[in-house]
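All remarks here apply to the structure that follows.
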Amino acid sequence: MTTAPEQIAANRSFGGWHRRYRHRSTVLDCDMVFALYLPPQAEAGPVPALYWLSGLTCTDENFMQKAGAQRLAAELGIAIVAPDTSPRGTAVPGDPDGAWDFGLGAGFYVNATEEPWSRHYRMHDYVVEELPALVEAHFPVSDARAISGHSMGGHGALVCALKNPGRYRSVSAFAPIANPSACPWGEKAFSRYLGTDRARWLEWDASALIAGARERLPLLVDQGEADGFLAEQLRPEVLRAACTAAGHPLHLRLQPGYDHSYYFIASFIDDHLRHHAAALRG
């Protein structure tokens with residue numbers, strides 16, 4: 001059974017609290033750390049939550065320290081839950097060459113099926129099932145959920161929403177890896193986590209999942225036009241084509257001059273928070 005969370009840090013922020021917790025994950029078979037921002041409204045009762053999935057090499061700390069989301073989250077009465085990007089620990093295997101785009105920090109929010117990854121790398125089930133159950137059981141957080149993320153985490157957010165209809169009330173992404181089965185980052189990760197059968201990769205590719213989606217949650221996607229990863233790794237045009245073909249609502253905003261950094265995320269995070277707040281209140 002997943003253990004109760006142990007608080008390891010706390011910071012007062014805009015009338016609420018940013019806290020970090022450690023717990024034992026049954027799904028990932030290791031200890032995990034996550035961050036939780038509770039707005040001041042949580043003192044009166046449960047509040048809805050935005051689950052934020054970060055990108056390659058990140059932890060829970062990147063978004064909480066750099067995005068500047070707490071001010072508006074406090075105003076809107078939304079909790080923010082930020083998990084880590086992969087399992088961690090001495091028993092968890094990483095890339096044997098120490099590469100930054102696979103293994104530790106790069107779980108890709110899939111359920112691995114191949115050894116030695118399948119024992120620990122089940123980030124999809126952790127994000128969708130185990131972590132929300134833990135948060136909702138121990139904190140004043142309701143089951144009204146939204147999901148968003150950046151880059152690898154944008155891929156994760158889109159896939160979590162598309163594969164789990166009814167689980168989330170809204171979804172958005174910043175610079176998502178929109179077509180991971182056909183880009184270098186995704187091909188490297190999927191071939192190891194999921195095996196060499198490319199047909200299985202499509203189960204974790206947002207652009208491939210759109211056609212069969214059983215729920216038509218509107219997708220809000222921001223993409224910087226000066227992003228150095230845009231053409232080779234991110235491929236938002238494939239997502240746009242898939243949404244057009246399926247009639248899936250997509251608001252893809254190409255932002256001139258913006259890159260892949262948290263300067264980009266901080267510039268538009270308020271739009272995403274308002275997008276989610278409108279759905280969570282409904």
Side-chain angles (χ1 to χ4, degrees), residues 49-56 58 63 81-83 85-86 106-111 122-129 131-132 145-183 185-187 189-190 193-194 200-224 227 229-230 233-255 260 264-265 268-269 271-273 275-276 279-280:
L50 171 65
Y51 288 79
W52 173 269
L53 308 184
S54 292
L56 289 163
C58 292
F63 179 80
V81 184
T85 49
S86 78
F108 269 82
Y109 305 102
V110 303
N111 288 337
R122 301 185 60 82
M123 286 297 294
H124 180 82
D125 282 356
Y126 176 73
V127 166
V128 172
E129 299 288 348
L131 183 59
R145 309 176 197 95
I147 192 162
S148 186
H150 171 229
S151 193
M152 178 185 72
H155 140 74
L158 295 175
V159 169
C160 286
L162 290 166
K163 289 176 72 72
N164 298 278
R167 187 74 176 166
Y168 304 99
R169 296 191 183 180
S170 56
V171 57
S172 73
F174 289 83
I177 305 174
N179 186 205
S181 64
C183 77
W185 280 340
E187 289 174 335
F190 286 8
Y193 291 140
L194 305 173
R200 294 168 59 191
W201 300 3
L202 300 180
E203 299 172 17
W204 303 97
D205 186 315
S207 295
L209 291 170
I210 287 290
R214 292 185 286 128
E215 182 179 42
R216 297 297 182 188
L217 284 181
L219 310 182
L220 171 61
V221 176
D222 271 303
Q223 173 63 62
D227 190 324
F229 302 115
L230 176 56
Q233 303 284 9
L234 306 179
R235 311 191 74 198
E237 72 281 357
V238 180
L239 180 65
R240 191 207 303 270
C243 288
T244 299
H248 195 112
L250 168 67
H251 190 188
L252 173 60
R253 308 192 305 183
L254 300 177
Q255 305 291 0
H260 201 69
F264 161 57
I265 295 171
F268 300 103
I269 190 61
D271 291 351
H272 286 244
L273 288 171
H275 165 79
H276 294 296
L280 291 167

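Predicted model only: the values in this text are computed from it and were never measured.
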Expected output: side-chain R145 to main-chain R167 donor-acceptor under 3.5 Å: yes
Going by atom types alone, do S172 and H275 pair a side-chain donor with an acceptor below 3.5 Å? no
Do the side chain of R122 and the main chain of V110 share a donor and acceptor less than 3.5 angstrom apart? no
For the atom pair CG (L56) and OG (S86), what is the distance rounded to the nearest 0.5 Å? 10.0 Å
Evaluate the criterion side-chain contact (heavy atoms from CB on, under 4.5 Å) for residue pair W52 and S54; output intermediate values, then yes/no. CA-CA 6 Å; W52 173 269; S54 292; 3.1 Å; yes
For a 4.5 angstrom cut-off between non-hydrogen side-chain atoms, does L217 reach P165? no
Search all heavy atoms of Y126 against all heavy atoms of P83 and return the closest pair with its distance. CE2-CB, 4.1 Å
Just by modelled atom types, is the L280 backbone N or O under 3.5 Å from a matching donor or acceptor in the R169 side chain? yes
Kindly compute the distance separating CD (E237) from OG1 (T244), expressed to the nearest 0.5 Å. 12.0 Å
Any pair counted as salt bridge (charged side-chain N to carboxylate O under 4.0 Å, His left out), so long as it reaches residues 210-223, sequence neighbours left out: D222-R253
Closest non-hydrogen atoms of F108 and H155, given as atom of the first, atom of the second and distance, are O-NE2, 2.8 Å
To the nearest 0.5 Å, what is the distance between NE2 (H248) and CD1 (I210)? 4.5 Å
Looking at side-chain heavy atoms only, is the closest gap between V221 and P176 below 4.5 Å? yes
For the side chain of S148 and the backbone of V171, is there at least one donor-acceptor N/O pair under 3.5 Å apart? no
Say you draw a straight line from NE2 of H260 to CD of Q233; how long is it, rounded to the nearest 0.5 Å? 9.0 Å
At their closest point, which heavy atom of A175 faces which heavy atom of L234, and how far apart are they? O-CD2, 3.6 Å
Donor-acceptor contact present, side-chain D205 to main-chain S181, <3.5 Å: yes
Partner of V128 under side-chain contact (heavy atoms from CB on, under 4.5 Å), chosen from V159, I147, N164: N164
When you look at I177 and S151, which way does the side-chain contact (heavy atoms from CB on, under 4.5 Å) test go after all the steps? CA-CA 5 Å; I177 305 174; S151 193; 4.2 Å; yes
Heavy-atom donor-acceptor pair, H124 side chain to C160 backbone, under 3.5 Å: no
Give, for atom CG of L220 and atom CG of L250, the distance between the pair rounded to the nearest 0.5 Å. 8.5 Å
Got a donor-acceptor contact below 3.5 angstrom from the K163 side chain to the E203 backbone? yes
Nearest 0.5 angstrom please: F63 CZ to F174 CZ, how far? 7.5 Å
Using ring centroids (six-membered ring only for Trp), state whether Y109 and W204 fall under 6.0 Å. no
Where L219 and L158 come nearest, the two heavy atoms and their spacing: CD2-CD2, 4.2 Å
Quick check: closest heavy atoms across A178 and S207, and the distance to 0.1 Å? O-OG, 2.7 Å
Quick one: sort the F190 and W201 rings into parallel, tilted or perpendicular, breaks at 30° and 60°. perpendicular
Which atoms form the tightest heavy-atom contact between T85 and G55, and what is the distance? CG2-O, 3.4 Å
